[in-house]
Amino acid sequence: MMENPWFSVGKPEHRIDAVAKAAGAVRYTADYSVPGILHAKLATSTQAHAKIKSIDVTESWKVPGVRAIITGKIFPFHIGPILADRPPLAFEKVRYYGEPLAIVVADHEYQAKRAADLIKVEYEPLQVVNSVREAFKTDAPLIHENSGQYMKIISNVYPVQGTNIGSHIKIRKGDFIKAWENCEYKVKETYSFNLSDHAAIEPRCVRVEINPTGKVVVHSTTQSPFTIKKVLNQFFNIDVGNIIVHVPMIGGAFGGKGTVQLEPLAYLASKAVGGKMVKLEYDREEDLITAPGHIGLEATIALGTNKSGKLMAGQYTYLIDSGAYTDQAAGITRAAAIDCTGPYNIANVWCDSYCMYTNHPYATSFRGYAHPELTFAVERTMDQLAKIIHMDPVELRTINAIKPGNSSPTRTTLNASNIGDVSKCIERAKELINWNEGARKETAEGMIRAKGISTFWKTSTTATNAQSGAILKFEPDGSVNLSCAAIEIGQGTKTILAQMVAERLKMDINKVHVTMEVNTQTDPHQWRTVASSTTFLAGRAVMNAADDAIAQLKRTASIALQCSMEDLEIGGGRVYLKPSPEYGVKIEDIALGYKFPNGHAVEGQVVGHGRYIQRHLTPMDKDTGFGKPGPWWSVGTQAIEVEWNPKDCTYKILKALTVLDGGKIINPMTAVQQMRGGMYLGLSFASHEGFQFGTDGTVLNPQLRTYQLMRFGDQPADYIVDFIETPAADGPYGARGIGEYGVIGMAGALANALSRAAQIELNHLPLLPEQIWNVRKEFKNDSV
Amino acid sequence: MISNGTSKTVVKLHVNGETRDVMIRSADTLLETLREQLGLTGAKRACQNGDCGACTVLVNGEPMHACLSLSIETVNQPIMTIEGLRNSSIQQEFVDKWAIQCGYCTPGFILNCHALANKRPDADDETIEEWMQSNLCRCTGYQEIKEAVKSVLQNHKNDSAS
Ligand code: FES
Ligand code: FES
């Protein structure tokens, strides 16, 4: 076979957006302004749980420039992506500190802000539910008195009326009770961490206007423009066709911009001023606590093995702190159940995954969607189990690694294509972290160097009809425009899609122009840009569109060249005869149809279109969890080496390692970027992050100064990334998803490394030196 | 009526080598003025509290948080924003070293790094860290940014040696 000189897949092509970004020339949502635009600001709750007795806006109206003030009375209904349980503006009661209560619209932002500050709210405080543990108690105060009446937007959400349970997902596979009795070795431990935040550097921002014909035009920092249309349609009765959403490039999202939160507020604000364009740009404090964050968790895991260390039974209880509303936490609760075991083969599984209401800021999807969280708990349990069995923890993982022929907790049968190679990942990671040289050592300076390992998997729980589309439009210079509603959030998706186009059409990637901005009116439908699903879904759509374009190009060329289409081949910007490649026609001469020398013309512009929709996915059975929730699992192993100072419990991360089986890697450099960025996010979460709550449920650290995250210099001295490329038969060029995976095993690996270093069990995050110090103190007290 | 400090004054700012008239309130920050009046949106608003560095610009060659500087304080001082830095080696290094993902933090990092290379061309790792800690990036994990900064400093050294 002739080598394709225009190959692009597998090549580290430069990101198509990097030069403009380095020049500061990219305009993000907040960077646009128009004369006369109005500005909205929120008044938010200062209480975590209280009845609203009155809202007094008299003083606010006295601020010059104020054009409208609205409160929850204007829209006393509930919305939500899974369970409709959240009023966009609180009415009757507030359920978290920072919840929107009123919107002020004014000529200038400072006027709106001043007026919002002057709104006086009278509250009647209610007892605060400050943890999932408290929320679970039978006599706990109720956060939602009527949760059983809320409208379900998708199946697989089960609120329990009269409790704080927003949803309860069960897995019942095999016979856990019997298997547990027969286990030789057993371990049961509890893990926890608080809610935290995505903290994308770009705060959320939206502009909305309603034009006189009733068209609602939205510009937003969103990962889900088509979901905005759906929500505005479902809850505000606007025809889907009358809603147009524009999305420029996004300054980081990490799942936080996947749900719909500020768009309905800006819509109500615009409506209140007769449809004028209103901009709502969050301050950092609002972005952290008013907008949804990252779940908290309390998990209890029991694992049992036979004599030789084979896992026989696993029980998992996940109490997910979803905060005041379920939002995507209800889906995360489901995802946590689906993959509850981690990538291990266990025949008898019992899982109860609860989405718990508390009086905390509410949570939504976060990169990894339940997996970084469950993996932390599972991987800590694996290490503690290995200790009990006196087995090397890597060995324990290897002998239990899930394989083709096994089944997942929801009893999906695994095969060589839908699951990557777990054992190979473990083996490679073990080598790269030099596990055999010892997992714990003392240095001459009295420091402890220790390693920790973590294995993970994840399937993408997309909607069962999640889909994507793509359009390829040719230019008379032979170049091609790609429109596709996949959003560039920093992950490099537009570059990846350009590569697929170039590869399929065997053309120079510089001739592929990708529309960076998404416009729901002109781009084909795309489910969302979440769940590591874009390379897969949009990739398949793009390949499909390329094939369509190729057929059209060949058809036009066959007329020009007077031959049959079957004889033609495409490449290098030409369509040519297979047997005599020198005989052909340039794409530029047929891109807008072919014109004969006498002036007659045929065919017309080449416009390829393609689409792809998930196949054979099903919801889960309510009682047992049985179902097929996702198309494939990417799997991997991560490891960490730390240097820990036993004197003051501080530590440095020396190495962070990821071995991922993500199928074919389309761009090795953007893939490494994604892995490192994910590892950083996971490590920052595990080592530094979390909201601190006062006893009254207020957030004590709603700023980037007090909400600590890893800064330059705190990162691992060395990031190692390696890929195993077991192709996914379904994936474009054999690719699976990789976007979220770098983050998943980091908390588990870091906690395992530090537990080994300090010779204690660190089961709570974040792993701040104080935390390690305190646990060590408890351990010492225990042992005397 | 509540007074809001709404009265405005026209002043001249020296931005990217040009003198520009702007109309400001005494409370306007440099970040607001650059973005809203001059359309220089490369400086980003991400915390307005001095915590993230996304708004970094150079005033008199010094990296400053534009969100914490009042416009009125910068009258008569040369201001440089990312738009004023064209085809610099730093921008190229950020591209070449894959130090850019979403790009939101990028202008701030690049300007900070530009100032570092000018002021402390022989900065050691510790100094680099001290300088760069004022900027947050949530996408990259800092490794590529570190490589870009180091190679800029190295190139500087090589240039001045030859
Ligand atoms: S916006 Fe100025 S430091 Fe964050
Ligand atoms: S590249 Fe996204 S914040 Fe730095």
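Salt bridge present: R138(B) and E689(A) bring a charged side-chain N and a carboxylate O closer than 4.0 Å.
Judged by the 6.0 Å distance and 45° axis criteria, R284(A) is not positioned over the aromatic ring of Y707(A).
Contact tally against chain B (heavy-atom pairs below 4.5 Å) for Q703(A), E281(A), E109(A), Q674(A): the top residue is E281(A). Between chain B and the options G492(A), G713(A), G678(A), the largest number of non-hydrogen pairs under 4.5 Å is found for G713(A). In terms of non-hydrogen atom pairs under 4.5 Å with chain A, the most contact-rich of E126(B), E32(B), R45(B) is R45(B). Residue with the most contacts toward chain B among A25(A), P12(A), A23(A): A23(A) (heavy-atom pairs, distance under 4.5 Å). The candidate with the highest count of non-hydrogen atom pairs below 4.5 Å against chain A, out of T140(B), N135(B), V95(B), is V95(B). Counting heavy-atom pairs closer than 4.5 Å to chain A, the top residue among I110(B), I90(B), L136(B) is L136(B). Your options are Q48(B), Q92(B), K146(B), and the one with the most heavy-atom pairs under 4.5 Å with chain A is K146(B). Highest contact tally toward chain B, considering only L704(A), D31(A), V26(A), is held by D31(A) [criterion: heavy-atom pairs under 4.5 Å]. Between chain A and the residues G42(B), G39(B), A46(B), the largest count of heavy-atom pairs under 4.5 Å involves A46(B). Interface summary for chain B: among L709(A), V19(A), D718(A), the most heavy-atom pairs under 4.5 angstrom belong to L709(A). Among R676(A), H198(A), R27(A), the residue making the largest number of heavy-atom pairs under 4.5 Å with chain B is R676(A).
A donor-acceptor contact closer than 3.5 angstrom is absent between the side chains of Q77(B) and T74(B). A donor-acceptor contact closer than 3.5 angstrom is absent between the side chains of D28(B) and Q37(B). For the 3.5 Å distance criterion, the side chains of T29(A) and H219(A) fail to qualify, holding no donor opposite an acceptor.
Of the two parts of A20(A), neither the backbone nor the side chain holds a non-hydrogen atom closer than 4.5 Å to a non-hydrogen atom of chain B. Only the backbone of S134(B) comes within less than 4.5 Å of a heavy atom of chain A; no side-chain atom from C-beta onward does. Neither the backbone nor the side chain of D287(A) comes within less than 4.5 Å of any heavy atom of chain B. Contacts of A199(A) with chain B are made by both backbone and side-chain atoms, with heavy-atom separations under 4.5 Å. For T670(A), the parts lying under 4.5 angstrom from a heavy atom of chain B are both the backbone and the side chain. The contact between I489(A) and chain B is made entirely by backbone atoms, counting heavy-atom distances below 4.5 Å. Contact of F254(A) with chain B is made through the side chain alone, with heavy-atom distances under 4.5 Å.
Not a single donor-acceptor pair under 3.5 Å links the side chain of Q715(A) to the backbone N or O of Y680(A). A donor-acceptor pair under 3.5 Å is formed between the side chain of R711(A) and the backbone N or O of Q133(B).
Here OG1 of T41(B) is found 10.5 Å from CG of L31(B). Values are rounded to the nearest 0.5 Å. To the nearest 0.5 Å, the span separating CE on M23(B) from CG on D21(B) amounts to 9.5 Å.
Other residues, nucleotides and ligands contribute more than 12 heavy atoms inside 6.0 Å of the CZ atom of R705(A).
Residues R25(B) and Y110(A) have side chains in contact (heavy-atom distance under 4.5 Å, counting atoms from C-beta outward).
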